[in-house]
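Values reported hereafter were calculated over all heavy atoms of this structure, with side chains retained and with hydrogens, waters and symmetry mates removed.
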Amino acid sequence: DDPKVLKTVQQKYCTTCGMPLILVGRYLPERLLGKGGFGAAFLARDRYTPTRRRCVVKQFQPSGNLTPDQMQLAQGLFEREAVALEDLGHRHGQIPNLYAYFPLAVPGQGSGSSQEEYFYLVQEFIDGQDLEQELTQNGPLREKDVLDVFVAVLKVLTFVHDNGTIHRDIKPSNIMRHRNGTLYLLDFGAVKQVAQQGAGQGGGPGAGNKSTGIYSMGFAPPEQMSGGKVYPSTDLYALAVTCITLLTGKDASQLYDNYNNTWSWEKHPPAAVSGHFANVLNRLLQTAPNQRYESAAATLDALLKPLRQAPPAPRAAPPPPASPAPGPPPAPTSPQKVPQAAGTPVSPPPASPPFSLLEFLGGAAFTGFEGGLLALGFTSLLGTTLIGHGAWLLLLGVLVVLQWRRVIERVDLLIIAAVTLGIAIFVVELSFPLLIVLAGMAALGTLAIATLFRLIYRLLSAVL
């Protein structure tokens with residue numbers, strides 16, 4: 001616990017098994033974050049940084065008795081994650097950075113045991129929750145929130161695919177939301193490098209390599225589960241499954257109709273989903289790769305083009321998926337292409353988020369305080385005339401509108417109040433304490449009226 005000791009001690013060992021606890025003399029694991037089939041992840045501290053920076057240490061330690069070929073495959077996937085993070089992490093703000101990758105040889109347990117070799121990967125720590133944890137904690141997400149996730153991950157996948165990589169394991173637990181709201185794409189242990197020639201061609205037949213059979217059940221499309229070639233549209237299929245699980249709060253297996261061999265997720269959402277968004281998701285959930293959008297950029301363009309023209313209206317009944325007529329899939333040599341609009345898609349202007357209770361009360365107090373100062377100021381300058389009252393009401397109304405449109409908020413309110421108070425000190429013929437008391441009383445009165453109004457509004461909304 002002593003920082004000085006932590007920075008100077010050479011090594012610490014587990015009293016039970018003798019395992020070194022400070023990895024390569026630098027990284028000290030603090031607590032277990034999770035365990036999986038290939039190993040464990042720990043929250044750790046980097047002793048070689050001034051603030052002992054937090055990081056994630058992943059230990060490669062496959063569970064079960066693996067054959068030499070399986071062990072080699074698993075180790076290759078672990079190393080592949082390190083390569084992907086090193087290549088992509090430092091070039092994109094929503095992919096964790098790689099800090100280190102190293103082996104560690106330790107004496108084997110028991111007499112006569114040979115040395116055991118462990119592999120470690122150290123990456124950036126993202127302080128937040130993954131979407132699987134959010135879903136468990138808060139239930140299904142609103143359509144707007146799922147749409148934000150969809151667009152954010154599509155932008156990350158556009159970068160990933162343009163750099164010749166396919167993630168192959170998109171699911172809620174691999175999408176992390178930082179405390180500041182930024183979404184990160186995690187776990188590149190199943191990435192697949194594709195030929196650069198095919199990487200720019202989206203879902204065409206030359207764009208993928210044969211799958212190793214590593215996937216998450218329910219999220220992987222048929223071509224991946226069968227061990228066939230994977231494409232950028234393989235990731236898009238998994239992203240669409242991720243979105244419908246977030247919308248419904250149901251497991252992927254509950255959303256698939258095995259009898260009809262199709263997805264039936266639209267029966268489950270707790271709220272109406274816009275027809276356009278549903279059509280885009282259904283297009284990505286098609287069985288054949290060439291029936292989906294061919295790239296993340298094409299998907300983003302198809303999603304945003306109608307949204308730039310007019311907001312989508314809720315549909316009365318779920319329409320059928322916007323997919324080609326049923327029939328045998330086209331031959332691999334002539335895939336069906338989806339035309340992609342030229343240019344970079346432009347996102348529609350985001351809607352203003354609703355005011356939190358703290359913002360609402362703070363705005364009411366600011367309006368009352370500012371109104372009190374303005375009333376005293378205009379009375380001192382213009383007297384109790386119609387012109388004075390009109391100017392006071394007009395300026396107060398402008399401040400309310402600017403708050404409502406979020407032109408001014410948070411720190412802006414404090415700055416404006418401080419400037420107005422400074423001017424009022426020289427304009428109003430009152431002592432400073434009395435000026436503060438009168439303005440404070442106006443703020444408290446406005447706060448009380450606003451609170452009462454909000455309470456009445458909530459009660460009427462619940463009844464009606």
Side-chain angles (χ1 to χ4, degrees), residues 34 36-38 77 80-81 84 94-95 129-136 140-141 145-147 149-154 156-158 160-161 165-177 183-192 194 203 208-258 261-266 268-269 273 277-278 280-289 291-296 299 321 323:
F38 286 164
L77 291 172
R80 192 180 293 168
E81 178 174 9
Q94 290 167 268
I95 299 174
Q129 278 189 319
D130 64 53
L131 296 188
E132 184 175 66
Q133 293 171 325
E134 283 192 9
L135 192 61
T136 302
L141 277 65
D145 296 329
V146 177
L147 190 59
V149 171
F150 187 56
V151 171
V153 178
L154 280 175
V156 179
L157 286 178
T158 298
V160 170
H161 295 163
T165 299
I166 299 172
H167 187 280
R168 297 195 311 143
D169 198 20
I170 306 293
K171 56 184 177 180
S173 61
N174 283 341
I175 302 172
M176 177 76 75
R177 191 190 306 275
L183 292 168
Y184 287 78
L185 186 57
L186 308 181
D187 199 354
F188 281 75
V191 296
K192 191 70 177 180
V194 298
N209 287 333
K210 190 172 181 180
S211 173
T212 59
I214 305 299
Y215 55 84
S216 294
M217 184 64 69
F219 294 90
E223 71 270 13
Q224 188 175 357
M225 291 193 296
S226 65
K229 288 184 177 181
V230 292
Y231 311 89
S233 64
T234 301
D235 282 344
L236 301 179
Y237 179 100
L239 177 58
V241 178
T242 295
C243 288
I244 64 177
T245 59
L246 295 176
L247 282 167
T248 62
K250 304 288 185 181
D251 187 79
S253 61
Q254 298 176 271
L255 304 176
Y256 193 81
D257 184 352
N258 290 299
N261 197 29
T262 186
W263 290 95
S264 60
W265 64 275
E266 292 167 284
H268 297 275
V273 178
F277 186 26
V280 171
L281 292 177
N282 284 327
R283 177 68 175 269
L284 296 179
L285 292 171
Q286 295 298 304
T287 301
Q291 292 180 352
R292 308 171 201 144
Y293 294 109
E294 63 179 0
S295 67
T299 306
S323 60

Rounded distance [0.5 Å steps], [atom1] in [X] versus [atom2] in [Y]:
X: Gln254; Y: Ser264; atom1: CD; atom2: OG; value: 10.5 Å
X: Thr245; Y: Trp265; atom1: OG1; atom2: CH2; value: 11.0 Å
X: Ile170; Y: Cys243; atom1: CD1; atom2: SG; value: 10.5 Å
X: Leu186; Y: Ser173; atom1: CG; atom2: OG; value: 8.5 Å
X: Leu281; Y: Arg283; atom1: CG; atom2: CZ; value: 12.5 Å
X: Thr234; Y: His161; atom1: OG1; atom2: NE2; value: 8.5 Å

Requested in this report: Taking side chain to side chain donor-acceptor pair (under 3.5 Å) as the test, write out the residues that go with Tyr256, two or more places apart.
Outcome: Asn261

Query raised in the report: How would you list, by chain and number, every residue that makes a side chain to side chain donor-acceptor pair (under 3.5 Å) with Glu134, sequence neighbours excluded?
Result: Arg177

Shortest non-hydrogen separation from [X] to [Y] and the atoms involved:
X: Tyr237; Y: Trp263; result: OH-NE1, 3.2 Å
X: Asp130; Y: Gln133; result: OD1-N, 2.8 Å
X: Glu81; Y: Asp187; result: OE2-CA, 3.7 Å
X: Ile166; Y: Pro232; result: CD1-N, 3.8 Å

Query raised in the report: Does a donor on one side chain sit under 3.5 Å from an acceptor on the other, for Ser216 and Lys171?
Result: yes

Query raised in the report: So Val160 and Phe188, side chain to side chain contact (heavy atoms under 4.5 Å, CB included) or not? Walk me through it.
Result: CA-CA 11 Å; Val160 170; Phe188 281 75; 4.2 Å; yes

Name the residue from [options] that meets the side chain to side chain contact (heavy atoms under 4.5 Å, CB included) definition with [X].
X: Leu247; options: Val146, Thr242, Leu147, Leu255; result: Val146
X: Thr299; options: Leu239, Leu236, Val151; result: Leu236
X: Glu266; options: Thr248, Asn282, Val273, Ile244; result: Asn282

Report task. Return the set of residues passing side chain to side chain contact (heavy atoms under 4.5 Å, CB included) with Leu135 (not counting sequence neighbours), or none when no residue passes. Result -> Leu141, Leu246

Query - Audit row: Tyr293, Val280, side chain to side chain contact (heavy atoms under 4.5 Å, CB included) steps and yes/no - result: CA-CA 9 Å; Tyr293 294 109; Val280 171; 4.0 Å; yes

Query raised in the report: Quick one: does Val156's side chain get under 4.5 Å of Tyr184's, heavy atoms only?
Result: no

**Report entry** Close side-chain approach of Leu131 and Asn174, heavy atoms under 4.5 Å
**Finding:** no

Query - Non-neighbouring partners of Phe150 that pass ring pair (Phe, Tyr, Trp, His ring centres under 6.0 Å), sequence neighbours left out - result: Phe277

Report task. Starting from the C-alpha separation in whole Å, work towards a yes-or-no answer on side chain to side chain contact (heavy atoms under 4.5 Å, CB included) for Leu185 and His167. Result -> CA-CA 9 Å; Leu185 186 57; His167 187 280; 3.9 Å; yes

Report task. Return the set of residues passing salt bridge (charged side-chain N to carboxylate O under 4.0 Å, His left out) with Asp257 (not counting sequence neighbours), or none when no residue passes. Result -> none

Report task. Mind checking salt bridge (charged side-chain N to carboxylate O under 4.0 Å, His left out) for Glu132 and listing every partner two or more places apart, or none if nothing turns up? Result -> none

Requested in this report: Give a yes or no on whether a salt bridge exists between Glu223 and Arg292, defined as a side-chain N under 4.0 angstrom from a carboxylate O.
Outcome: yes

